[in-house]
Amino acid sequence: MPQKLIVLFVICLISIVSSVELDIHINLDATTNEIAIDYNNLLHKYAPNDQVFLGSKSIPHITLYLTDFVQEQIPSIQNEISQIFPLLNQAGKNCLVQMTTIDISAQYGMWLVQNNQCLQYLSDLVVNNTFQYITPNQTIPDWVYSLPEPLRDEKIAMIKKYGSPNVFDQFQPHVTLAWDEVDNLTIAFNQVDVQPTSFYSPSIGIGNTGPYGTVLDNYYGTFNFSNNNNNNNNKNNNNNNKRRIK
């Protein structure tokens, strides 16, 4: 009996060690990426306890799928994205990403993205083709249990099957600009005055995650869309927004 317990412990230990949290996301174009970093830097003036440091410690991104994967399956995940990339590219290269308003939820400050058919398609396609590589039996976050029904059961079911509560009809695209449990983020964002803008993403990335919803890199791959859609009107809109950041 003790030997069986030891074997079980070793198996559990191996499964924990071999799990890695990855974020599959779309990257921002160069101009919008700089704008997000500038907003985040300015926010530190009004919310000095903000723990998100875009540009220096993490990268702006829009998550398509975030979950724990079996580490040994990373090559399989990369291969799956490569295999479906013609479909991802077809949808992503002409997908206009519209950044809208700021949402303050708990300690997070998020720059919301208008969900649309192409963004939803990108997320759905990525999830459907990679969820078989997730770490099974992932822990249900405490905040999920505090949700009202039927939302709570829906998110629990998603976590059990897909390892994430934010997929399919619960997909909510955004860029995380802040995490702060000390300062008043509503007041801080009123000072920053984030403006709507739009852009075409240059690529999909697979990267390591950091604390507070951050992504550290595109370490496991960058898959470039075949687009040149940063038209003059969009560039002008972005430049106008950039000039507003003081």
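Position 1 is the first residue of the sequence; numbering continues from there. Keep in mind it's a predicted model, so treat the numbers as computed, not measured.
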Side chain Asn40, main chain Leu54, donor-acceptor under 3.5 Å: yes

Nearest non-hydrogen partners of Asn218 and His25, listed with the distance: OD1-NE2, 2.6 Å

No-hydrogen, no-angle side-chain donor-acceptor test under 3.5 Å, Gln172 and Asn166: no

Considering all heavy atoms, the nearest Asp68-Gln138 contact: O-NE2, 3.0 Å

Exercise: do Ser58 and Thr214 side chains pair donor with acceptor under 3.5 Å: no

Exam field: side chain Tyr121 to backbone Leu87, donor-acceptor pair closer than 3.5 Å: no

Close side-chain approach of Leu177 to Ile102, heavy-atom, < 4.5 Å: yes

Side-chain touch Pro60/Tyr39, heavy atoms, less than 4.5 angstrom: no

N/O donor-acceptor pair under 3.5 Å between His44 side chain and Val52 backbone: yes

Residue pair Pro141 / Ile159: nearest heavy atoms and the distance that separates them: CD-CD1, 3.5 Å

Check: Asp180 main-chain N/O paired with Asp50 side-chain donor or acceptor under 3.5 Å: no

Side chain Gln114, main chain Thr100, donor-acceptor under 3.5 Å: no

Test item: Asn116 side-chain N/O and Leu96 main-chain N/O as donor-acceptor pair under 3.5 Å: yes

Sidechain-backbone polar pair: Ser198 side chain, Gln98 backbone, donor-acceptor under 3.5 Å: no

Heavy-atom pair with the smallest gap, counting every atom of Tyr145 and Arg152: O-NH1, 3.1 Å

Heavy-atom closest contact (Lys93 atom, Ser226 atom, distance): CD-OG, 3.7 Å

Ring-ring centroid check Phe225 Tyr200, cutoff 6.0 Å: no

Closest contact, heavy atoms only, Glu80 versus Thr130: CB-CG2, 4.3 Å

Donor-acceptor under 3.5 Å (Asn89 side chain, Phe85 main chain): no

Whether Asp23 side chain and Thr209 backbone form a donor-acceptor pair below 3.5 Å: no

Within 6.0 angstrom of Gln117 CD, more than 12 heavy atoms from elsewhere: no

Main-chain N/O of Thr186 paired with Asn190 side-chain donor or acceptor, under 3.5 Å: yes

4.5 Å side-chain heavy-atom contact, Leu22 and Asn208: yes

